[in-house]
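One structure below.
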Amino acid sequence: MKTPKGLQPLIDDGVIDEVLRPLKSGKEASVYVVRSGDEVLCAKVYKDLGQRSFQARVQYQEGRKVRGSRQQRAMGKASKFGKRELETQWKNTEVDALYQLVEAGVRAPRPHGYHHGVLLMALVTDAEGHSAPRLGEVEFDAAEAARYHEALVRDVVRMLCLGLIHGDLSEYNVLVSPEGPVIIDFPQVVSAAGNNAARAMLLRDVHNLRDTLGRFEPALLDTHYGEEMWALYERGELQPDTMLTGRFTFDERRADLGAVLMSIEDARQEAIIRQQGREAAAEQD
């Protein structure tokens with residue numbers, strides 16, 4: 001096939017030898033199957049995104065480390081420079097996350113380098129060597145669904161122990177390989193400690209997996225692994241090998257509104273008394 005513009009620099013530098021075929025194309029990136037020596041890899045070519053996508057990604061950026069205060073201010077103001085910085089950070093985040101996750105044992109595509117804004121990764125295939133299907137494209141029996149759910153929850157735990165949350169995990173970014181599920185697409189990965197929406201995003205990720213695989217194993221629909229792992233994480237008790245039960249006791253106690261209002265009024269009256277005391281002391285002076 002004709003070499004895409006984004007991959008030509010890799011051909012020129014000898015990083016890859018040939019572009020074999022397109023694999024998929026989305027709003028944020030196009031992925032191609034390429035040959036590098038004797039290896040067949042996939043190459044992710046990121047697209048430059050517009051204002052709408054910029055705004056949509058701000059929620060994921062919160063809590064991420066930035067090179068300097070100038071870059072942070074620029075991204076916050078959505079200036080032209082800030083957008084370029086956010087684009088760069090968005091791409092680098094996936095690269096950095098992949099290296100961390102694979103090192104920690106998370107089943108994700110093994111990275112093979114980042115060149116000219118293109119991420120090279122291992123190609124995930126099925127038993128026949130074809131591109132692996134997505135989780136939502138495969139039918140499971142109840143036992144298989146339970147095994148896949150267990151493996152995915154374990155990888156979510158491993159990520160959380162690194163302080164990371166996928167942030168957009170669903171049946172569309174989990175591939176089915178002969179060895180088990182493989183999680184893909186990490187540019188929006190979230191800081192668990194630094195993002196105010198981290199808990200909500202974690203629960204959404206875990207609930208998406210539960211709902212997808214619960215179609216084949218209904219017992220999964222009554223589990224609450226996301227709530228359980230987050231509670232352990234907040235207490236500093238979550239480890240990569242922590243045994244989870246899927247059970248969680250929700251706090252159903254209602255707030256005593258009268259007591260809350262009384263406390264507020266007490267504080268207000270105390271502030272008035274102190275202010276009156278300061279005014280009286282000033283008059284004596």
Scanning both residues in full, the closest heavy-atom pair of Leu213 with Ala145 reads O-CB, 3.7 Å
Least distance between heavy atoms, Gly6 atom then Val45 atom: CA-CG1, 4.2 Å
Is there any side chain to side chain donor-acceptor pair (under 3.5 Å) pair reaching into residues 127-139, and which pairs are they, with sequence neighbours excluded? Arg21-Ser131
With side chains defined as the heavy atoms from C-beta onward, is the minimum distance between Val34 and Val40 less than 4.5 Å? no
Looking only at heavy atoms, what is the nearest atom pair of Phe186 and Leu101, with distance? CE2-CD1, 3.4 Å
Go through it in stages, so that I can follow the logic: the residues are His224 and Arg210, the test is side-chain contact (heavy atoms from CB on, under 4.5 Å), and I'd like the CA-CA distance, side-chain angles, deciding distance and then a yes or no. CA-CA 9 Å; His224 300 282; Arg210 179 188 67 187; 3.8 Å; yes
Determine, stepwise, if the pair His112 / Ser36 fulfils side-chain contact (heavy atoms from CB on, under 4.5 Å). CA-CA 10 Å; His112 284 252; Ser36 177; over 6 Å; no
Does Pro187 reach the side chain of Glu28, with side-chain heavy atoms less than 4.5 Å apart? yes
Measure the OG1-CD distance between Thr223 and Glu217 for me, rounded to the nearest 0.5 Å. 10.0 Å
Can you confirm whether more than 12 heavy atoms, excluding those of Glu237, are under 6.0 Å from its CD atom? yes
Is the ring pair Trp230/Tyr233 parallel, tilted or perpendicular, if the boundaries are 30 and 60 degrees? tilted
Is it true that a side-chain atom of Asp155 and a backbone atom of Leu152 form a donor plus acceptor pair closer than 3.5 Å? no
Are side-chain heavy atoms of Glu227 and Phe250 found at a separation under 4.5 Å? yes
Nearest 0.5 angstrom please: Ser170 OG to Asp211 CG, how far? 11.0 Å
Taking C-beta and beyond as the side chain, do Arg35 and Ile16 meet within less than 4.5 Å on heavy atoms? no
Nearest-0.5 Å distance, OH of residue Tyr225 to CG of residue Leu209: 12.5 Å
For Glu171 against Thr212, the heavy-atom pair lying closest together: OE2-OG1, 3.4 Å
Between the main-chain N or O of Leu238 and the side-chain N or O of Thr242, is there a donor-acceptor pair closer than 3.5 Å? no
Mind checking the NE2-CD1 spacing from His116 to Ile11? Nearest 0.5 Å is all I need. 11.5 Å
Common cluster, Val106/Met121, ILVMFWY with side-chain heavy-atom separation under 4.5 Å: yes
With a 4.5 Å cut-off on side-chain heavy-atom distances among I, L, V, M, F, W and Y, is there a chain of contacts connecting Val182 to Val95? no
With a 4.5 Å heavy-atom cut-off, do Pro133 and Leu175 have their side chains touching? no
Can you confirm whether Tyr172 is buried at OH, in the sense that more than 12 heavy atoms of other residues, nucleotides or ligands lie under 6.0 Å from that atom? no
Strictly distance-based, threshold 3.5 Å: is any side-chain N or O of Asn195 a donor or acceptor partner for the main-chain N or O of Ser191? no
Locate the shortest heavy-atom distance separating Ala192 from Ala198; write the atom from each residue and the value. O-CB, 3.4 Å
Checking Ser177 against Arg107 for the side-chain hydrogen bond (donor to acceptor under 3.5 Å, both in side chains) test, could you report, in this order, the C-alpha distance in whole Å, the side-chain angles of both residues, the deciding distance, and whether it holds? CA-CA 10 Å; Ser177 78; Arg107 283 195 54 79; 3.1 Å; yes
So Lys47 and Ser25, do their side chains get closer than 4.5 Å, heavy atoms only? yes
So, His166 and Asp185: side-chain donor and acceptor under 3.5 Å apart, yes or no? no
Is it possible for you to say whether Val15 and Tyr32 belong to one hydrophobic cluster, with membership spreading through side-chain heavy-atom contacts below 4.5 Å? yes
Distance in Å, Leu41 CG paired with Leu123 CG, rounded so as to fall on 0.5 Å steps: 8.0 Å
For Ile184, is there any backbone N or O sitting under 3.5 Å from a side-chain donor or acceptor partner on Asn173? no
Between Arg154 and Pro240 the two heavy atoms that sit nearest each other are NH1-O, 2.6 Å
The reported gap from CG in Asp17 to CD in Glu39 (rounded to nearest 0.5 angstrom) is 11.0 Å
Salt bridge or not for Glu94 and Lys44, using N-O below 4.0 Å? yes
Check side chain to side chain donor-acceptor pair (under 3.5 Å) between Thr245 and all other residues, then give those that pass, not counting sequence neighbours. Glu228
Qualifying residues under salt bridge (charged side-chain N to carboxylate O under 4.0 Å, His left out), relative to Arg247, sequence neighbours excluded: none
Among the clusters formed by ILVMFWY side chains lying less than 4.5 Å apart, do Leu169 and Tyr148 turn up in the same one? yes
Step by step, work out the side-chain hydrogen bond (donor to acceptor under 3.5 Å, both in side chains) result for Glu144 and His149. CA-CA 8 Å; Glu144 289 173 331; His149 184 266; over 6 Å; no
In terms of hydrophobic clustering (I, L, V, M, F, W, Y; side-chain heavy atoms under 4.5 Å; direct or indirect links), are Met229 and Leu221 co-clustered? no
Can you tell me if Arg110 has over 12 outside heavy atoms packed within less than 6.0 Å of its CZ? no
Classify the side-chain pair Gln8/Asp12 by whether it contains a donor and acceptor separated by less than 3.5 Å. yes
Kindly indicate, with the supporting measurements, whether the criterion side-chain contact (heavy atoms from CB on, under 4.5 Å) is fulfilled by Leu202 and Val156. CA-CA 9 Å; Leu202 174 75; Val156 172; 3.6 Å; yes
Assess the residue pair Asn92 and Tyr114 against the criterion (side-chain contact (heavy atoms from CB on, under 4.5 Å)); give the C-alpha distance rounded to whole Å, side-chain angles, the decisive distance to 0.1 Å, and a yes or no. CA-CA 9 Å; Asn92 290 340; Tyr114 183 57; 3.4 Å; yes
